[in-house]
Amino acid sequence: MDIHPGCLLDHIRHTNDIKKVHPKDYDELAAEIREFLIDRVSVHGGHLASNLGVVELTMALHLAFDVERDAIIWDVGHQSYTHKLLTGRREGFDTLREFGGMSGFPKRKESPADTFDTGHSSTSISAGLGLAVARDLNGEGYKVVSVIGDGALTGGMAFEAMNNAAKLETNFIIVLNDNEMSISHNVGGLSRYLDSIRTADGYQELKNEVLDSLQKIPVYGDRMVSRIRRTKSSIKQLFIPGMLFENMGLTYLGPVDGHDIPLLVRTFAKAARVNGPVIVHVITKKGMGYAPAERHPARFHGTGAFDIETGLLKKKKEKADYTDVFASVMNLSARDNDRIVAITAAMETGTGLKRFHNQFPERFFDVGIAEEHAVTFAAGLAMKGLVPVFAVYSSFLQRAYDQILHDVCLQNQHVIFAIDRAGIVGSDGETHQGIFDISYLMTIPNIVLMAPKNKWELADMLHFAFAYDGPIALRYPRGAAYDEWKEFRAPIRLGKSEILYDETEIALLAYGSMIPVAREVREQLKDRHYQCSLINARFAKPLDEQLLLSLSADHKLLVTLEENVITGGFGQQVTQFLTDTGQPIRVLQIAIPDQFVEQGNVEQLYREVGLDAESIVKRILVEYIGMK
């Protein structure tokens, strides 16, 4: 039964219900979807601009393919809100990005229509190719569609996958969603190349006219067309020299208006008939249909709750966050030191480097979504005496592990890793929690790992990092910077901790963001009449071995606290050192269990993983009383 006008979205309850909508009502449904997304995201926060830009594209994919059978993989996945609506998850938007609620990214556990869990960029072509090859080996016939943005296409993994996909002799569709932005504006040669294609508005029409004219030539026409198609100097090459995708072995269709649903459906039908990999180049507008998001797409990439009429956030930032502090120190230091350069991987605004870019454009480098390249690029800069600072989210830095190890640390280059969003970050869920960086960096020789207790120590540690000669990583959490304990500001010395309270019995050894919690833990233990030292560890590597031996001599229990998984973390290194040196002191490691942490409010997630003060105190008391 067809769906008729009158709140069309109310009738989209199951996968493929969109196929019951009359084509003349597609625009109305698109408008209802946009209104719904703006309304829900204004309450719960989330990724808005990217989702508004792909409403028609998503509708066309659901019309052209059977989402119950065919596989659609969304690169990154933050643009999958319309996909979720069209697969019967409307009610889930009431708990969007909340603990136990609907994820802001594709999740297979939510729906069979979510083919592949995503969260980081540049992965969809590799995953799609794997599914396509598996399909062929299993003798199945479903279609595979990988949707990737022009920003994600700057990631080297996407090119590795396209190069490999060229060998495929069966259908595999890549949809290039080209909105001229990733999070910040795209940069580099690929962006300029896509610009050249976008401006070739008459290209497809001209190509078709040439082919039609040639085919009308008696006897020789078809032969000429066939020869042109077989040669490398094809029609595309004549009008868009060096067509990148065709040269890689992919059939290219486009560019196509990403907001014209009938045209998109026809193009996808054409793509589905290609026996081989085919790329459909779709032009969309980020933030489409909501003026504030159209004007400021970066601001509405990931937003908190906002006022729909004005587009302004409902909850204004009351205090400076750690990113703000980092940005200020970078700018002030760069005025005095012309060797300091800044690097970002398409996160200029998110990492606080926008002001640096404005003030020192010649010393600012946005390499696109290419963390691996960013690290090795930094190594080259450092090798010639510059002081590169790579500002990056913790969960994205892990993509460049080999480059950190091989190109920076093996050669002992002075590269500073400013690791933002370290620890639990909240609503973006498992793929974005920065809870592994201590563990994966701890394994690498030569690197120094440190973390500040408050905003003043972040500034001091940055200055220390500028002066240090070697690889050094500084991690700091998302959110408001801790602004207490300014009176505790001992000079930063390599591998040396800071004693905040020196007592006996129990010693709390807290690393970085755990200091505020450790302070609360100490107060609760003092209320129970326990003697309790509190130490700001400052460095996870190298350890303050002299202090650890001292604590072992006059305390009965040492408690390590870190916002990182327990495996391979700070606590395990402390325990290993004390075991190896034969110290009799017991160690209680407070860390995140060896698991992925889902989405939710940060305070709530602290309770879930046992990093809140009440949970820690209970564990300490059980451990300490059990020792007696």
| task | Determine, step by step, whether Ser394 and Tyr476 satisfy the side-chain hydrogen bond (donor to acceptor under 3.5 Å, both in side chains) criterion, reporting the C-alpha distance in whole Å, the side-chain angles of both residues, the deciding distance to 0.1 Å, and the verdict. | result | CA-CA 9 Å; Ser394 169; Tyr476 44 94; over 6 Å; no
| request: Please step through side-chain contact (heavy atoms from CB on, under 4.5 Å) for the pair Tyr393 and Thr351, ending with a clear verdict. | output: CA-CA 8 Å; Tyr393 290 4; Thr351 58; 4.0 Å; yes
| said: Set out, in order, the CA-CA distance, both residues' side-chain angles and the distance that settles side-chain contact (heavy atoms from CB on, under 4.5 Å) for Val448 and Lys541, then state yes or no. | reply: CA-CA 5 Å; Val448 170; Lys541 186 174 185 178; over 6 Å; no
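No donor-acceptor contact under 3.5 angstrom links the side chains of Asn564 and Asp437, judged on distance only. Remark: the His47 side chain and the Gln79 side chain contain no N/O donor-acceptor pair separated by less than 3.5 Å. In this model, a donor atom of one side chain and an acceptor atom of the other lie less than 3.5 Å apart for Ser513 and Glu563. Inspection of the His281 and Asp178 side chains reveals an N or O donor paired with an N or O acceptor under 3.5 Å. A donor atom on one side chain and an acceptor atom on the other are found under 3.5 Å apart for His83 and His62. The closest side-chain donor-acceptor pair between Thr82 and Arg34, if any, does not fall under 3.5 angstrom.
Salt bridge absent: Glu598 and Lys109 never bring a charged side-chain N and a carboxylate O closer than 4.0 Å. A salt bridge does not link Glu56 to Lys285: none of the charged side-chain nitrogens sits closer than 4.0 Å to a carboxylate oxygen. For Arg478 and Asp420, the salt-bridge test fails: no basic side-chain N is under 4.0 Å from an acidic carboxylate O.
Shown here are the ring-ring contact (aromatic ring centres under 6.0 Å, His included) partners of Phe300, two or more places apart in sequence or in another chain: Tyr290, Phe306. For the ring-ring contact (aromatic ring centres under 6.0 Å, His included) test, no residue two or more places apart in sequence or in another chain qualifies with Phe99.
Residue pairs meeting the salt bridge (Lys or Arg N to Asp or Glu O under 4.0 Å) criterion with at least one member in residues 78-90, sequence neighbours excluded, are Asp10-Arg90, Lys84-Glu110, Arg89-Glu110, Arg89-Asp114.
We find the CE-OG1 distance between Met347 and Thr344 to be 7.0 Å, quoted to the nearest 0.5 Å. Note that CD of Gln572 and OG of Ser439 are 7.5 Å apart. Values are rounded to the nearest 0.5 Å.
A heavy-atom distance below 4.5 Å is not found between the side chains of Leu449 and Ile472. Contact of the Ile12 side chain with the Thr87 side chain is not registered, since no non-hydrogen atoms from C-beta on lie closer than 4.5 Å.
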